[in-house]
There are 2 protein chains.
Amino acid sequence: MEVTVAEDQLIDLRKKLEIFFDGNEKHHEFCPVRDIMDRFGDKWSLLAILNLGNSGKIRFNELKGKIEGISQRMLTVTLRSLERDGLITRTIYAEVPPRVEYELTQLGKGLLQQIMELAQWASNSMDEIMKARMDYDSKLQ
Amino acid sequence: MEVTVAEDQLIDLRKKLEIFFDGNEKHHEFCPVRDIMDRFGDKWSLLAILNLGNSGKIRFNELKGKIEGISQRMLTVTLRSLERDGLITRTIYAEVPPRVEYELTQLGKGLLQQIMELAQWASNSMDEIMKARMDYDSKLQ
DNA sequence: CCGAATCCTAGATGATACTG
DNA sequence: CAGTATCATCTAGGATTCGG
């Protein structure tokens, strides 16, 4: 499969890039792209968002069951971080034993959509990437 | 700013999700999304791709100059990894002193486009995220 | 049930020195 | 110029234990 990018499309890309990245050594202070990448560049945030999008309201341990291999600690840490950024809500019910439900906010759903776009690209490009890796590795003897 | 997601849109999202993520405990072996995330979840890949997209063909040290704070070692590591995945090409010129030029492949340009979409969302959502963070932090006393 | 606190390790990154 | 090699550091994440 070939991805084609026309020259004028690239020029447009470059124009957009200047919004976020500035080669002229100015305002490196803050980059929203970097910030978002850090947000789900970690090990679990992405999976948490995907599962929350798939489930609507969901309880802590129910979510834990859906995310293969995550520890209790990391689920807590991940959810706190997502909550802090306003991507999910956390609702505590005053019951015994306690019940806590998580749900994507509108903002979180927006991010989920972006992730889905990326996922689509990833899925479409996977074969090409895997082939490139095999080619590369085979050339190292 | 409000992001609105219609119910049918969400249903569509869920359908897409099932391509990559399966709550029913099957084929966890390989997730292309996870793989792509790992690709630029590291510290420098994203910046490298952005700068390569901005520059066309570019030499090692020239690129190093554009990426604020990157070490020689990490630029090498990052570029090797991108090359392995077929996202960039590496061209060596048999000269003294040596000259090596890097450039995005079509595949790499495709990824760049995806990143730009994400960047656009990130940029648009930044204010809302920052506000959520301040609200959250202020409630911890 | 949900989570906080603690301790610990692997892997990612940085600093530095050396080379074709 | 464009790397490699080595060593030091730093942090995300896992295991475990305790508590409301």
Side-chain angles (χ1 to χ4, degrees), chain A residues 28 34-49 51-52 55 57-85 88-103 136 139-141, chain B residues 28 31 34-49 51-52 55 57-85 88-103 136-137 139-141:
Chain A
H28 305 285
R34 244 291 42 92
D35 197 78
I36 295 300
M37 290 304 167
D38 289 344
R39 147 90 353 275
F40 57 36
D42 69 358
K43 191 168 179 182
W44 300 111
S45 291
L46 175 65
L47 283 176
I49 292 172
N51 277 282
L52 284 165
S55 305
K57 262 189 199 302
I58 186 171
R59 297 183 61 169
F60 185 88
N61 274 331
E62 196 183 346
L63 184 56
K64 185 169 184 298
K66 285 182 180 285
I67 305 179
E68 172 100 351
I70 195 169
S71 65
Q72 195 173 41
R73 178 184 132 80
M74 285 318 294
L75 183 54
T76 301
V77 170
T78 301
L79 291 174
R80 285 291 179 283
S81 175
L82 294 174
E83 187 195 2
R84 179 169 182 263
D85 282 359
I88 65 174
T89 57
R90 176 168 177 262
T91 312
I92 309 169
Y93 297 88
E95 304 172 2
V96 180
R99 179 162 60 102
V100 181
E101 289 184 342
Y102 295 91
E103 188 174 23
Y136 185 91
K139 281 169 188 164
L140 304 174
Q141 284 96 319
Chain B
H28 305 286
C31 171
R34 242 295 37 94
D35 197 79
I36 295 301
M37 289 305 168
D38 289 344
R39 149 90 351 277
F40 57 36
D42 68 357
K43 193 166 177 182
W44 300 111
S45 291
L46 175 65
L47 283 176
I49 292 172
N51 276 283
L52 283 165
S55 305
K57 261 189 199 303
I58 186 172
R59 300 183 59 168
F60 184 88
N61 275 330
E62 196 182 347
L63 184 56
K64 184 168 184 298
K66 285 182 181 284
I67 305 178
E68 174 98 352
I70 196 171
S71 65
Q72 195 173 41
R73 179 182 130 79
M74 284 317 295
L75 183 55
T76 299
V77 169
T78 301
L79 290 174
R80 285 292 181 282
S81 174
L82 293 174
E83 186 195 2
R84 177 168 183 264
D85 281 0
I88 65 175
T89 56
R90 177 168 178 262
T91 312
I92 309 168
Y93 296 88
E95 304 173 0
V96 180
R99 179 163 59 104
V100 181
E101 289 184 341
Y102 295 91
E103 189 174 22
Y136 185 91
D137 291 345
K139 281 169 190 163
L140 306 174
Q141 286 96 314

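Computed over heavy atoms, backbone and side chain alike; hydrogens, waters and symmetry mates excluded. By convention in this document, chain letters (A, B, ...) are assigned in the order of the sequence lines, proteins followed by strands, and residues within each chain are numbered from 1. Predicted model, so just to flag it, every value in this text is computed and none were measured.
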Using 0.5 Å steps for rounding, measure from the [atom1] atom of [X] to the [atom2] atom of [Y].
X     : Y     : atom1 : atom2 : result
A:R59 : A:Y93 : CZ    : OH    : 9.5 Å
B:T78 : B:L47 : OG1   : CG    : 9.5 Å
B:I88 : B:I58 : CD1   : CD1   : 11.0 Å
B:R80 : B:D85 : CZ    : CG    : 14.0 Å
B:E83 : B:T89 : CD    : OG1   : 8.0 Å

Counting the atoms with a prime plus P, OP1 and OP2 as sugar-phosphate, which does B:K64 contact under 4.0 Å by heavy atoms, base, sugar-phosphate, or nothing?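 The residue B:K64 makes no contact with any strand.
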
Across the strands shown, which category fits A:Q72 at heavy-atom distances under 4.0 angstrom: base, sugar-phosphate, nothing?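 Base, at least one base heavy atom under 4.0 Å.
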
Think [X] has a side-chain N or O under 4.0 angstrom from the OP1 or OP2 of [N]?
X      : N     : result
B:R90  : D:dG3 : yes
A:R99  : C:dC2 : no
B:Y102 : D:dC1 : no

Rounding to a whole Å, what distance do you find between [X]:[atom1] and [N]:[atom2]?
X      : N     : atom1 : atom2 : value
B:F60  : D:dG3 : CZ    : P     : 5 Å
A:L63  : C:dC1 : CG    : C1'   : 14 Å
A:E83  : C:dC2 : CD    : C1'   : 14 Å
B:I58  : D:dA2 : CD1   : P     : 10 Å
B:I70  : D:dG3 : CD1   : P     : 12 Å
B:E62  : D:dG3 : CD    : P     : 14 Å
A:E101 : C:dC2 : CD    : P     : 9 Å

Under the side-chain contact (heavy atoms from CB on, under 4.5 Å) criterion, do B:N61 and B:K64 qualify, and how do the steps go? CA-CA 5 Å; B:N61 275 330; B:K64 184 168 184 298; 3.9 Å; yes

On DNA chain D, check which nucleotide each of A:D42 and A:P98 is closest to and give me the residue with the more 5' one.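 It is A:D42 whose nearest nucleotide is closer to the 5' end.
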
If each of A:P97 and B:G41 is mapped to the nucleotide of DNA chain C with the nearest heavy atom, which maps nearer the 5' terminus, i.e. the 5' end?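 It is A:P97, whose closest nucleotide lies nearer the 5' terminus.
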
Would you check if B:L82 and B:Y102 make a side-chain contact, meaning some heavy-atom pair closer than 4.5 Å?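 Side chain of B:L82 against side chain of B:Y102, heavy atoms only: no contact under 4.5 Å found.
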
Identify, residue by residue, the members of residues 73-80 of chain A with a heavy atom below 4.0 Å from DNA chain D, and return them in order of residue number, or none.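 Within this stretch, A:R73, A:M74 sit under 4.0 Å of the strand.
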
